[in-house]
Protein chains: 2
Amino acid sequence: MDVNLRQIRSFVVVAQAGSFTRAAELLHLAQPTLTVQIRRLEETLEVKLFDRNTRSVELTRVGRELLPVFQRMIRDLDAVVVDTRDIAAKRRGIVRIAALPSVAAGALPEAIKSFRELQPGTSFVLKDVIANRVLDLVRSEEVDLGIMGGSVTGHDVEVLLEVRDRMHVVFPAKHPIGGIRKVTIDDLMKYPLVLMDPATSVRAVVDSAFLTAGHIAQPTCEATYMMTAIAMVRAGLGITILPGSAREIGAEPDLRSRQIDVADFSRAITIIKKSGRTLPPISEAFGDHLAKSIGAQPLFARR
Amino acid sequence: MDVNLRQIRSFVVVAQAGSFTRAAELLHLAQPTLTVQIRRLEETLEVKLFDRNTRSVELTRVGRELLPVFQRMIRDLDAVVVDTRDIAAKRRGIVRIAALPSVAAGALPEAIKSFRELQPGTSFVLKDVIANRVLDLVRSEEVDLGIMGGSVTGHDVEVLLEVRDRMHVVFPAKHPIGGIRKVTIDDLMKYPLVLMDPATSVRAVVDSAFLTAGHIAQPTCEATYMMTAIAMVRAGLGITILPGSAREIGAEPDLRSRQIDVADFSRAITIIKKSGRTLPPISEAFGDHLAKSIGAQPLFARR
DNA sequence: CACATCCATAGAGAATTTCTATCAATGGGA
DNA sequence: TCCCATTGATAGAAATTCTCTATGGATGTG
């Protein structure tokens with residue numbers, strides 16, 4: 001025979017109660033049940049745990065030394081069960097997310113804040129990484145959720161939401177382009193352009209739109225970070241093109257921005273998870289919350 | 001329902017094997033058994049532990065985080081069972097003894113040494129305390145075995161062995177008492193006496209014997225430790241009376257000793273344990289060994 | 001010395017576990 | 001594209017284990 005958790009529980013309670021009868025009451029069991037359980041445990045461990053007669057029940061020295069060990073085990077196990085049920089009930093948990101820097105600094109903090117108001121026990125691990133790293137991290141399950149630019153196809157990832165992030169032109173307050181109602185690619189070609197680095201998803205979208213319109217984008221300056229592009233615009237080096245969700249746009253009092261009315265001149269933002277895998281309940285919940293939160297933002301257009 | 005150790009074991013093995021079928025082989029169970037056990041565990045914990053289909057079995061993130069926790073629990077529990085069985089099999093254990101200083105320094109070390117040759121895994125906690133403290137320590141179960149002077153009566157302690165430690169007279173090599181074949185109390189009265197302190201069990205025996213012979217012992221010097229009494233004899237302050245088992249007697253080249261041939265002029269040495277209590281198996285075994293070892297010594301007389 | 005209390009034992013019944021047989025899904029190979 | 005081998009899931013029967021009631025025996029108390 002093998003040890004059994006119920007036997008251990010019974011041992012602990014009998015030891016604490018100092019009586020089989022009292023322990024049986026505490027455990028809502030019949031007294032002979034305990035007699036049998038303790039005997040089994042003693043047989044399994046091959047030692048006597050109690051010196052008992054009809055008048056007294058006392059731990060043997062071996063039993064006395066075993067008691068705290070078993071107490072700790074029971075306590076630890078119960079704690080694990082409670083913790084796990086907390087996770088199941090979404091009262092607790094760690095959500096792991098990989099996101100593009102622009103989203104990580106843009107829509108995500110708000111979504112996290114509002115989610116934590118509902119589920120205060122939630123922790124977050126947030127990795128802001130470039131383009132395809134997001135996909136890698138989701139595939140390798142280092143993160144539960146990924147927020148990436150571009151559409152995703154592939155049977156191993158599941159798309160929770162795909163929205164379009166419309167491109168905006170950003171220019172100094174008194175720039176002539178501010179007078180144009182419907183900005184086209186042709187309009188943009190007339191001015192010096194500050195563009196994002198070719199390695200970024202924004203630049204890919206810009207180049208593609210320019211090509212469709214029969215142009216090739218010729219930047220005056222290139223920047224890897226949106227903040228840098230903004231600074232160049234502010235310095236009068238030109239105008240730039242950024243996704244509408246970029247936080248940087250509204251932060252500058254001297255700059256203005258306007259959506260560019262060209263079909264499909266937008267970046268796809270996709271929330272993904274690995275398909276066929278069960279996420280921690282809290283992560284699942286946050287995925288839904290995030291999709292709802294981003295889907296509801298006027299900055300993004302649903303496909 | 002409550003968690004079950006078998007479920008936890010199954011979870012760990014399935015996780016390690018990455019397959020229900022393989023885990024079932026390892027556990028010598030049928031595969032459906034594992035399906036049921038894992039489902040039960042998942043129901044109890046309220047979380048999904050594996051993402052499984054007919055082609056692959058993979059831990060969910062919650063399962064992955066739970067695995068090491070459960071592994072440790074199983075490992076700890078198994079270790080406790082093995083340890084306890086070692087104690088049961090007398091391969092390991094701590095023997096706690098309280099003994100009179102004279103026995104602790106005399107017969108006991110030999111007994112411990114010979115016992116440890118048989119059971120190398122044995123540890124000892126040895127308290128050398130005076131007379132009645134031994135009884136207290138046995139009664140309060142701070143020690144498993146007690147070795148005390150004097151007879152013991154009382155229903156709460158059990159006597160494993162009682163031997164008589166005959167009294168010897170100790171004197172300088174050229175002392176006239178060396179010429180007497182059968183030393184009596186009257187002989188002793190003729191010389192200056194170095195006696196043990198009245199608080200010791202040795203002195204109690206001496207006083208009692210002198211009284212029986214119609215004398216009152218008049219010491220020239222009194223000593224609490226036998227070693228001190230011996231030193232005084234060596235310095236020529238008188239002769240002394242010590243139990244025959246005292247190590248100090250044979251240690252001095254210039255001193256001689258002889259048994260005193262007076263009926264009952266001896267100290268009782270009693271090995272006791274608390275009655276009705278189960279000792280650790282190793283302590284029980286050492287009790288037997290000690291009784292045999294002391295009972296076999298010519299220095300002691302069986303009652 | 002009778003009584004009340006407490007643990008142990010025995011045997012029946014209940015609950016749980018484990019088994020066999022079978023099904024359904026899935027990926028690989030012809 | 002289709003068949004087949006493999007794997008986990010399901011259902012129901014069998015076996016085992018657990019727990020209960022009834023009862024016995026020991027022991028300290030009044």
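All chains are named by letter (A, B, ...) in the order of the sequence lines, taking the proteins before the strands, and each is independently numbered beginning at 1.
- The A:Arg52 side chain lies nearest to C:dC7 when the options are C:dT26, C:dT5, C:dC7.
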* Test side chain to side chain contact (heavy atoms under 4.5 Å, CB included) applied to B:Leu137 and B:Val129, step by step -> CA-CA 10 Å; B:Leu137 290 171; B:Val129 294; 4.1 Å; yes
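- Side-chain atoms of B:Gln37 and B:Thr33 include no donor-acceptor pair closer than 3.5 Å.
- For the pair B:Asp2 CG and C:dA15 C1', the interatomic distance rounds to 15 Å; values are reported in whole Å.
- Proximity of A:Leu77 to A:Arg9: side-chain heavy atoms (C-beta onward) are separated by under 4.5 Å at one or more points.
- When the side chain to side chain donor-acceptor pair (under 3.5 Å) test is applied to A:Glu58, no partner is found at least two apart in sequence or on another chain.
- For the ring pair (Phe, Tyr, Trp, His ring centres under 6.0 Å) test, residues two or more places apart in sequence or in another chain that qualify with B:Phe115 are B:Phe286, B:His289.
- Scanning DNA chain D 5' to 3' for nucleotides with an atom closer than 4.0 angstrom to a non-hydrogen atom of chain A gives a first and last hit of D:dC18 to D:dG28.
- The nearest whole Å value for the distance from the CG atom in B:Asn53 to the C1' atom in C:dG28 is 15 Å.
- Taken residue by residue, residues 15-27 of chain A places no heavy atom nearer than 4.0 Å to DNA chain D.
- Using a 4.0 Å cut-off between a side-chain N of Lys or Arg and a carboxylate O of Asp or Glu, B:Glu46 and A:Arg85 qualify as a salt bridge.
- In this entry the distance linking CZ of A:Arg55 with P of C:dC3 reads 16 Å, nearest Å.
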* Structure fact -> B/S/- along nucleotides 17-24 of chain C (protein heavy atoms under 4.0 Å) is SSBBB---
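- Rounded to an integer number of Å, the gap from CG of B:Asp51 to P of C:dT26 is 14 Å.
- Applying the ring pair (Phe, Tyr, Trp, His ring centres under 6.0 Å) rule to pairs touching residues 63-100 of chain B yields B:Phe11-B:Phe70, sequence neighbours excluded.
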* Evaluate salt bridge (Lys or Arg N to Asp or Glu O under 4.0 Å) for B:Asp144 paired with B:Arg96, printing each intermediate quantity in order. => CA-CA 5 Å; B:Asp144 303 321; B:Arg96 293 171 200 276; 5.2 Å; no
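- When side chains are defined from C-beta on, B:Ile97 does not count as touching B:Val143, because their heavy atoms never get closer than 4.5 Å.
- Distance NZ/B:Lys274 to CG/B:Leu279: 11.5 Å, rounded to 0.5 Å.
- Between B:Arg72 and B:Asp76 there is a salt bridge, since a side-chain N of the basic residue sits under 4.0 Å from a carboxylate O of the acidic one.
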